[in-house]
Enquirer: 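I have a structure I would like to understand better, so I am pasting it below and will then ask my questions one at a time.
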Amino acid sequence: MDYDALFRSQLDALRDEGNYRVFAELERSRGAYPRAKNHGAGADEVTVWCSNDYLGMGQNAEVLGAMHTALDECGAGAGGTRNISGTNHAHVLLERELADLHGKDAALLFTSGYVSNWAALSTLGARLPGCTILSDAYNHASMIEGIRHARCDKRIWAHNDPRDLERKLADLDPDAPKVVAFESVYSMDGDIAPIAEICDVAERYGAMTYLDEVHAAGLYGQRGGGIAEREGLMDRVTLIEGTLGKAFGVVGGYITGSAELVDFIRSFASGFIFTTALPPSVAAGATASIKLLKGEEGVALRARQRAQVEKLRAALDRAGIPHLDNPSHIVPVMVKDPVKCKMLSDILMEDWGIYVQPINYPTVPKGTERLRFTPSPLHTDADIEHLVDALHALWSQCALARAVA
Ligand code: PMP
């Protein structure tokens with residue numbers, strides 16, 4: 001059997017659809033964000049416009065300092081799984097910090113946000129007898145995989161639609177456990193869930209709520225506790241999940257909730273139990289990042305980010321470039337064609353020194369391909385002007401205006 005031929009045929013099909021992924025090979029340089037060296041085709045130095053290091057904390061001097069100190073004091077790795085010799089003091093401090101951030105009793109770390117969703121949802125669905133998980137139709141792949149792995153009853157409710165959620169809940173056994181799983185900021189469209197209404201419905205039917213704040217923690221709320229903090233709803237959401245890899249600039253994932261809930265996941269989730277803990281340096285860096293974003297520096301960074309987001313939106317409007325209008329920090333420019341989307345991204349990289357990854361199927365539905373811009377507090381007004389000039393020039397050149405009309 002020629003296995004390589006089997007692999008090739010599927011990869012060729014991806015290429016034919018325009019959905020084959022090519023990664024930009026960048027070198028992030030300390031203190032230079034959003035600038036990065038480019039080792040691939042195109043300009044040698046690029047301005048990064050699509051990073052999820054939303055506030056530039058991955059380059060923050062205090063975060064880096066905390067990581068260096070922990071590396072020097074504690075060494076490279078954690079030394080084991082959390083259960084067998086891998087629980088370092090730095091993990092425990094970080095979990096306290098996270099519980100405090102989201103106003104919960106306790107928190108639990110995972111190696112990524114993906115793993116935290118997968119592990120927590122699969123454990124809840126599999127371990128709660130007769131459980132049904134009710135999942136928003138636009139939930140992230142990590143939540144979908146967790147729910148699939150739980151092998152429990154599941155219902156998909158229409159995106160951000162509490163009325164449809166209510167219809168689905170009304171069909172279920174009132175005495176059986178139910179988990180309503182959803183996100184606060186949806187990363188591809190940048191829209192925000194009506195959390196209060198979802199909590200109202202869930203409470204009426206005795207369901208627990210599971211909220212992914214991956215694209216909101218660090219970015220919203222007075223202390224960076226996410227949309228639930230901003231809207232005064234942290235105590236109404238049963239479980240808040242997040243990542244340390246986006247606004248906090250490092251890597252790792254977590255859940256927060258009541259002491260019993262966190263102890264339950266800690267005790268039964270294979271994705272937590274059977275894997276090496278995060279390095280102490282990562283935990284120390286994340287703790288420093290969260291502390292900074294809880295304080296005045298966080299308030300200032302969030303305000304500056306919002307200002308740059310609004311400037312980009314206004315400049316796109318002036319240039320007549322179609323983008324989704326949403327109440328978050330995510331600015332999707334809709335191209336609606338995978339080949340044109342990739343072509344635009346390539347030309348921006350090669351001729352303009354602008355890096356924005358094309359977002360194609362299966363990350364978004366076919367026909368909704370887009371360039372997704374994430375302005376940070378470190379993007380200057382001149383960066384925004386340069387980006388919009390480039391898009392304006394390309395939009396007419398490529399006759400994209402006609403194609404996407
Ligand atoms: N949830 C959502 C909504 C996400 O968008 C992502 C990653 N893009 C994750 C979870 C996974 O987080 P991480 O990158 O830390 O694995």
Side-chain angles (χ1 to χ4, degrees), residues 28-36 48 51-74 88-104 106-113 116 184-185 213-230 234 240-256 278-309 328-330 374-380:
R28 278 159 65 92
S29 313
R30 181 175 184 160
Y33 187 74
R35 243 57 69 191
V48 179
S51 174
N52 283 343
D53 185 359
Y54 291 125
L55 299 174
M57 295 306 280
Q59 300 288 329
N60 179 281
E62 276 186 53
V63 173
L64 269 61
M67 293 185 79
H68 277 293
T69 305
L71 187 65
D72 291 341
E73 289 177 358
C74 310
N88 286 251
H89 187 49
H91 297 127
V92 178
L93 294 180
L94 174 54
E95 285 173 343
R96 275 191 210 139
E97 201 61 48
L98 287 164
D100 173 71
L101 177 68
H102 293 291
K104 298 290 182 196
L108 192 70
L109 284 170
F110 296 82
T111 43
S112 72
S116 59
S184 55
V185 175
E213 290 250 41
V214 158
H215 293 277
L219 298 171
Y220 297 88
Q222 185 61 24
R223 298 167 77 232
I227 302 291
E229 187 206 2
R230 185 183 78 179
M234 291 194 294
I240 297 177
E241 181 271 347
T243 182
L244 302 168
K246 301 193 193 291
F248 299 119
V250 196
V251 70
Y254 63 87
I255 59 156
T256 64
L278 289 169
S281 56
V282 166
T287 302
S289 186
I290 296 164
K291 281 194 160 132
L292 273 173
L293 292 186
K294 276 180 182 170
E296 274 172 28
E297 190 161 338
V299 173
L301 281 169
R302 287 187 280 277
R304 162 95 182 152
Q305 181 205 28
R306 293 305 305 197
Q308 298 315 84
V309 167
S328 76
H329 60 286
I330 293 164
T374 52
S376 78
L378 299 169
H379 286 91
T380 63

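Residues: numbered from 1 along the sequence shown.
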Enquirer: For D53 and G58, indicate whether the former's side chain and the latter's backbone hold a donor-acceptor pair under 3.5 Å.
Expert: yes
Enquirer: Answer yes or no: is there a side-chain heavy-atom contact under 4.5 Å between R304 and L378?
Expert: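 Side-chain contact under 4.5 Å: no.
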Enquirer: Which heavy-atom pair separates A70 from P280 by the least distance, and what is that distance?
Expert: CB-O, 4.1 Å
Enquirer: Kindly give the heavy-atom pair with the smallest separation between I290 and L98, and that separation in Å.
Expert: CD1-CD2, 3.5 Å
Enquirer: Within a strict 4.5 Å, meaning less than it, do heavy atoms of the L293 and R302 side chains meet?
Expert: yes
Enquirer: Measuring only between side-chain heavy atoms, which start at C-beta, is Y254 closer than 4.5 Å to T243?
Expert: no
Enquirer: Which value, rounded to the nearest 0.5 Å, describes the distance between L71 atom CG and E73 atom CD?
Expert: 10.0 Å
Enquirer: Enter the distance from L109:CG to E95:CD here, rounded to the nearest 0.5 Å.
Expert: 4.0 Å
Enquirer: Taking all atoms of both residues into account, what is the closest heavy-atom pair of A217 and H102, and its distance?
Expert: CB-CE1, 4.2 Å
Enquirer: With a 3.5 Å cut-off and no angle check, do the side chains of Y33 and H379 form a donor-acceptor pair?
Expert: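 No, because no side-chain N or O of Y33 sits under 3.5 Å from a partner of the opposite role on H379.
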Enquirer: Quick one: do the Y220 and R306 side chains pair a donor with an acceptor below 3.5 Å?
Expert: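 Side-chain D/A pair, Y220 to R306: present.
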Enquirer: Run T380 and Q308 through side chain to side chain contact (heavy atoms under 4.5 Å, CB included) and show every step you take.
Expert: CA-CA 8 Å; T380 63; Q308 298 315 84; 5.6 Å; no
Enquirer: Do any N or O atoms from the side chain of E213 and from the backbone of S184 form a donor-acceptor pair under 3.5 angstrom?
Expert: no
Enquirer: Tell me whether K291 is salt-bridged to E62, with the criterion being a basic N under 4.0 Å from an acidic carboxylate O.
Expert: no
Enquirer: Check for a donor-acceptor pair, side chain of T374 on one end and backbone N or O of S51 on the other, with a separation under 3.5 Å.
Expert: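 Yes, because the side chain of T374 sits within donor-acceptor range (under 3.5 Å) of the backbone of S51.
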Enquirer: A247 and S289: which non-hydrogen atoms are nearest, and at how many Å?
Expert: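 Answer, listing the atom of A247 first, then S289: O-OG, 4.4 Å.
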Enquirer: Under 3.5 Å, side chain of K294 to main-chain N/O of Q222, donor-acceptor pair present?
Expert: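 Pair absent, no side-chain N/O of K294 close to backbone of Q222.
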Enquirer: For residues Y54 and I330, determine if any side-chain heavy atom of one lies less than 4.5 Å from a side-chain heavy atom of the other.
Expert: yes
Enquirer: Quick check: does any side chain N or O of H91 sit under 3.5 Å from a backbone N or O of L278, one acting as donor and the other as acceptor?
Expert: yes
Enquirer: Tell me, do Q59 and R30 make a side-chain contact under 4.5 Å, heavy atoms counted?
Expert: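 Contact flag for Q59/R30 side chains = yes.
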Enquirer: Should R28 and V48 count as side-chain neighbours, where that means a heavy-atom distance under 4.5 Å?
Expert: no
Enquirer: Hey, could you give me the CD1/NZ distance between I240 and K104, rounded to the nearest 0.5 Å?
Expert: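 Atom-to-atom, I240:CD1 and K104:NZ are 5.0 Å apart.
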Enquirer: Start with the C-alpha distance between F248 and L101, add both sets of side-chain angles, then the distance that settles side chain to side chain contact (heavy atoms under 4.5 Å, CB included), and finish with yes or no.
Expert: CA-CA 12 Å; F248 299 119; L101 177 68; 3.8 Å; yes
Enquirer: Tell me, do R96 and V92 make a side-chain contact under 4.5 Å, heavy atoms counted?
Expert: yes
Enquirer: Nearest 0.5 Å, please: how far is CE in M57 from CG in L64?
Expert: 10.0 Å
Enquirer: Return yes if a side-chain donor-acceptor contact under 3.5 Å exists between T287 and E97, otherwise no.
Expert: no
Enquirer: Say whether, by atom type as modelled, one donor and one acceptor occur between the side chain of N60 and the main chain of V63 under 3.5 angstrom.
Expert: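 Yes, N60 side chain to V63 backbone: donor-acceptor pair under 3.5 Å.
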Enquirer: Side chains of L55 and P377: does their closest heavy-atom pair fall under 4.5 Å?
Expert: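 They are in contact (side-chain heavy atoms under 4.5 Å apart), so the answer is yes.
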Enquirer: When rounded to the nearest 0.5 angstrom, what is the spacing between CD in Q305 and OG in S376?
Expert: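 Between atom CD of Q305 and atom OG of S376 there are 7.5 Å.
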Enquirer: I need the minimum non-hydrogen distance between G224 and E229, along with the two atoms involved.
Expert: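 Shortest heavy-atom separation between G224 and E229 comes out as N-OE1, 3.3 Å.
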